Number of protein chains: 2
Amino acid sequence: MGVTKTEVFSEKENRIADLAKAFAHPARVAILTYLSENRTCICGDLVEALPLSQSTISQHLKELRRIGIIKGNIEPPKVCYCINEEVWQEAKLTFGLLLNAYQGCGC
Amino acid sequence: MGVTKTEVFSEKENRIADLAKAFAHPARVAILTYLSENRTCICGDLVEALPLSQSTISQHLKELRRIGIIKGNIEPPKVCYCINEEVWQEAKLTFGLLLNAYQGCGC
DNA sequence: AACTATTATCGTAATATTGCGTTATATAGA
DNA sequence: TCTATATAACGCAATATTACGATAATAGTT
């Protein structure tokens, strides 16, 4: 069907999946890396920095905003994107807990 | 187009995206959580544990194997899936580095 | 008001993903 | 060999994603 059965999974599982989705495309990895490395949250030059069209990048930004991991400050005529610290922390905590839960197996 | 332009991104960016993809669907989160919590790598009962059909789960397992984060040991007539420790560590390291690179912004 | 720069949205096309029923395959044990 | 069980593979349908050009929207500037 192509439609994820979100209702049969827990809130937590769905949230983890969403947070992971932020990093599940190389363009978004590049965007997030760029934003995290440029503390001044320089922005629209993402279009110059990445080998994708402006409209494609805009869509990735929209998805990242939906997830909440970035936010955009309007500074006409530009929009300055930067990492949303709270959600970034949430991701750090979430993946930390998830990945540290595993303590090896007895195979 | 629906076709990710992987060639324009770095190896690293693509790998991160792939690792994230392992967690970017609630069913896969559930599978990985199950496997990481059950150290004995009990297996086929994933079908019982999850509200999805056997064939659907098998496909998610296939994707997880492609990424490398799980591996299957054949113990006829079962196949025993468990976390691939090396790749799990790789994920831990990768997301750790990525998420810790950000030190706040000056917005 | 017209112009400019920047970003968002729309429409479209191609491909990927998700899910499931069905079928095939493999193996242990009777 | 036959049977039951377990997993994989196939094929289909529906939806989602990715990408881009074109167009619109926004907000300063002149």
Side-chain angles (χ1 to χ4, degrees), chain A residues 1-9 13-14 16-32 34-35 41-67 70-82, chain B residues 1-9 13-14 16-32 34-35 41-67 70-82:
Chain A
M1 307 196 174
V3 71
T4 301
K5 293 175 73 176
T6 49
E7 56 319 325
V8 303
F9 297 104
E13 286 163 338
N14 282 305
I16 293 173
D18 246 12
L19 287 173
K21 206 176 274 183
F23 296 94
H25 190 284
R28 293 198 288 269
V29 172
I31 290 173
L32 291 172
Y34 186 93
L35 292 182
C41 75
I42 312 164
C43 311
D45 18 38
L46 277 169
V47 178
E48 283 183 42
L50 300 185
L52 293 172
S53 77
Q54 180 265 321
S55 57
T56 302
I57 291 173
S58 187
Q59 279 189 57
H60 283 300
L61 290 171
K62 186 180 174 184
E63 176 69 5
L64 291 172
R65 246 180 323 174
R66 183 191 65 76
I67 295 165
I70 67 171
K71 54 187 174 184
N73 297 20
I74 297 173
E75 285 180 13
K78 306 182 184 180
V79 173
C80 181
Y81 283 108
C82 59
Chain B
M1 305 194 174
V3 71
T4 300
K5 293 175 73 176
T6 50
E7 52 324 321
V8 304
F9 297 104
E13 286 163 338
N14 282 304
I16 293 172
D18 246 12
L19 287 173
K21 205 175 275 184
F23 296 94
H25 189 285
R28 293 198 288 269
V29 172
I31 289 173
L32 291 172
Y34 186 94
L35 292 182
C41 76
I42 312 164
C43 312
D45 16 38
L46 277 170
V47 178
E48 284 184 43
L50 301 186
L52 294 172
S53 77
Q54 180 266 322
S55 57
T56 301
I57 290 172
S58 187
Q59 277 189 53
H60 284 299
L61 290 171
K62 187 180 174 185
E63 175 69 4
L64 291 172
R65 247 181 322 176
R66 182 191 65 77
I67 294 165
I70 67 169
K71 56 187 174 183
N73 298 20
I74 298 174
E75 285 182 11
K78 305 182 185 181
V79 172
C80 181
Y81 284 107
C82 59

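The chains referred to below are lettered A, B, ... by the order of the sequence lines, with proteins before strands, and numbering in each begins at 1. This one's a predicted model, so the numbers in the text were calculated from it and none came from an experiment.
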Query raised in the report: Of the nucleotides D:dA16, D:dA8, D:dT18, which has the atom closest to the A:Val3 side chain?
Result: D:dA16
Report task. Can you tell me the distance, in whole Å, between the CG atom of A:Leu46 and the P atom of D:dA19? Result -> 15 Å
Report summary line: Against the side chain of B:Ser58, the closest entry in C:dG21, D:dA8, C:dT18 is D:dA8
Report task. Whole angstrom is fine here: how far is it from CG in B:Asp18 over to P in C:dA16? Result -> 13 Å
Query - Nearest-angstrom distance from the residue atom NZ of A:Lys5 to P of C:dC20 - result: 4 Å
Query raised in the report: Does OP1 or OP2 of C:dC20 have a side-chain N or O of B:Thr56 closer than 4.0 Å?
Result: yes
Requested in this report: Return yes if some donor-acceptor pair links the side-chain N/O of A:Arg65 with the main-chain N/O of A:Tyr81 below 3.5 Å, else return no.
Outcome: no
Report task. Give the C-alpha distance, both sets of side-chain angles, the deciding distance and a yes or no for side-chain hydrogen bond (donor to acceptor under 3.5 Å, both in side chains) between B:Ser55 and B:Ser58. Result -> CA-CA 5 Å; B:Ser55 57; B:Ser58 187; over 6 Å; no
Requested in this report: Find the bend of the helix from C:dA1-D:dT30 to C:dA30-D:dT1 as the angle between its two terminal axes (five pairs each), to the nearest 10°.
Outcome: 10°
Query raised in the report: Can any side-chain N or O of B:Arg28 pair as donor or acceptor with the backbone N or O of B:Glu63 at less than 3.5 Å?
Result: no
Report task. Would you mind telling me which residue lines up with the more 5' stretch of DNA chain C, A:Asp45 or A:Thr6, judged by nearest nucleotide? Result -> A:Asp45
Query raised in the report: Which nucleotide sits closest to the side chain of B:Leu52: C:dT18, C:dC20, D:dA19?
Result: C:dC20
Query raised in the report: Aromatic rings B:His60 and B:His25: how do their planes relate, parallel, tilted or perpendicular, breaks at 30° and 60°?
Result: tilted
Report summary line: One should read off an interatomic distance between B:Leu61 CG and B:Ile31 CD1, to the nearest 0.5 angstrom, of 4.5 Å
**Report entry** Close side-chain approach of A:Val29 and A:Tyr34, heavy atoms under 4.5 Å
**Finding:** no
Query raised in the report: Can a side chain N or O of A:Lys78 be found less than 4.0 Å away from OP1 or OP2 on D:dG28?
Result: no
Report task. Check the distance between D:dT18's P and B:Glu13's CD and give it to me in whole angstrom. Result -> 15 Å
Query raised in the report: Separation of A:Arg66 atom CZ from D:dT17 atom P, in whole Å?
Result: 8 Å
**Report entry** Member of B:Ile16, B:Val8, B:Thr4, B:Asp18 meeting the side-chain contact (heavy atoms from CB on, under 4.5 Å) criterion with A:Pro26
**Finding:** B:Thr4
**Report entry** Shortest side-chain distance from B:Gln59, nucleotide among C:dT7, D:dC20, C:dC20
**Finding:** C:dC20
Query raised in the report: Roughly, in whole Å, what's the span from CD1 in A:Ile57 to P in D:dC20?
Result: 9 Å
**Report entry** Among C:dT7, D:dA9, C:dC20, the nucleotide that comes nearest once only the side chain of B:Lys62 is considered
**Finding:** D:dA9
Query raised in the report: Want to settle it: does A:Ser53 or A:Lys21 sit nearer the 5' end of DNA chain D, counting the closest nucleotide to each?
Result: A:Lys21
Report summary line: Nearest-nucleotide check on DNA chain D, A:Gln54 vs A:His25; residue mapping nearer the 5' end is A:His25
Query raised in the report: With side chains defined as the heavy atoms from C-beta onward, is the minimum distance between A:Ile70 and A:Leu32 less than 4.5 Å?
Result: yes
Report task. Tell me whether the OP1 or OP2 atom of C:dT17 has a side-chain N or O from B:His60 closer than 4.0 Å. Result -> no
Report summary line: Testing C:dT18, D:dC20, D:dT18 for proximity to the side chain of A:Ser55, the answer is D:dC20
Query raised in the report: Side chain of B:Tyr81: nearest nucleotide among C:dC20, D:dA19, D:dA8?
Result: D:dA8
Query raised in the report: Expressed in angstrom and rounded to an integer, what is the separation of A:Glu63 atom CD from C:dA16 atom P?
Result: 19 Å
